[in-house]
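To find a chain, count down the sequence lines: A is the first, B the second, and so on, and within it residues start at 1. Any value given below was found using the heavy atoms of this structure, including those in side chains, with hydrogens, waters and symmetry copies removed.
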Amino acid sequence: MPELPEVETMRRGILGAVGGKVVLVENIRCPKKPITILPSVVNIRRSIVGSTISAIERIGKRVVVVLQDKDNPSQAVNQRKLASKKYLIFEPRMTGLVLVANPPSAEHIRFRMKIGGGDVSEICFWDRRGLGSVQLLDHAKLQDKFGPGKIGADALSITTDNFFHQFHSSRREIKVALLDQKCVAGVGNIYASEMLHAAKINPQQKCSDLKRRQFNRLHHWMLSILNDAIEHEGSTLADGTYRNVLNRDGSYQNSHRVYDRESENCSSCNRSPVIRIVQSQRATFYCKRCQPLKSG
DNA sequence: ATTAATGTTCAGAA
DNA sequence: TTTCTGAACATTAA
């Protein structure tokens, strides 16, 4: 799916919807096997039409539209206000897109929401493979799914200390652990390979073999690469599935040093080809010379 | 016909 | 308790 930079690009793309009022909610088509929409579209429509969008947030690789319940105006006391908030979660998984216009094809539009009063007048969720989901949660359910202990700190805001703490004692391979959203939220398959290459760490190195210095380096490059990718509006791979909210390509794929560059000469050392291996059923790319596996 | 694809989650076993 | 494997979800393009 879109990873953190792609989802952050979606979030920023619909920020103009803040302050707008939801005026219409519908699912456009029902393919044989519809995507997960919970509760039903009818139910979601009943609870959010008339609500005001108070923020657009991101939890790991999910876009969160925060809604202020129409029945509980903002004058209410804080506690009540929190309880009255609703959270519409768009989870793109592998091929989902949050768009404000021009979907790649009419075929796979799954959900549409019209907004009155903001810059953005329509938000739609498009998903070719249909592994994604749209879910409306109240505050309690949100805490239940993403509260403390359920998901790691966000990759953009995790401290070096916490980052070290999450990994150092694990006996898993570092690339596998990086994809575990409970350790750190937002890192996916492309950027895991990229940041390990930048930090010159072998993807098969056990976490517990890595020194504090190496975790500091990895943390540094994680921030650097993710922020750079956000500036480039994410990576649009060869299959062209990921697009920004205006259905335009991202450009960070042009900056990939190892991902999907098997057998090309490593751009760092220029002496060794990029290798492709499989870890946890996912492709990993790295340079044997720049990222040697250290024993013990 | 086969394979792999930016993700998550679950069952079952070591 | 931790970690690993495999499968499932559904679609498409090489």
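At the phosphate of dT5(C), neither OP1 nor OP2 sits under 4.0 Å from any side-chain N or O atom of S280(A). Distances shorter than 4.0 Å separate none of the side-chain N or O atoms of H108(A) from OP1 or OP2 on dA10(C). Phosphate contact (OP1/OP2 of dA5(B), side-chain N/O of R128(A), threshold under 4.0 Å): absent. Between K61(A) and dT8(B) there is a side-chain N or O to OP1 or OP2 distance below 4.0 Å. Between R129(A) and dT12(C) there is no side-chain polar atom (N or O) within less than 4.0 angstrom of OP1 or OP2. Contact check, R171(A) against dT1(C): no side-chain N or O comes under 4.0 Å of OP1 or OP2.
Searching all strands for a Watson-Crick or G-U wobble partner of dT6(B) with both distances below 3.5 Å returns nothing.
Checking dA10(C), dA5(B), dA7(C) against every side-chain atom of Q281(A), the shortest atom distance belongs to dA7(C). When the nucleotides dA5(B), dT3(C), dG7(B) are ranked by their closest atom to the side chain of R172(A), dT3(C) comes out on top.
Between the S51(A) side chain and the D69(A) main chain, no donor and acceptor come within less than 3.5 Å of each other.
Contact annotation for D239(A): base contact, defined as any heavy-atom pair under 4.0 Å involving a base atom.
In this structure, I174(A) places its CD1 atom 12 Å from P of dC4(C), rounding to the nearest Å. Straight-line distance from the CG atom of D180(A) to the C1' atom of dT2(C): 12 Å, rounded to whole Å.
When the P atom is used for both dT2(B) and dA8(C), the distance is 16 Å, rounded to whole Å.
Classified by interplanar angle (parallel below 30°, tilted 30° to 60°, perpendicular above 60°), the ring pair Y87(A)/H139(A) is tilted.
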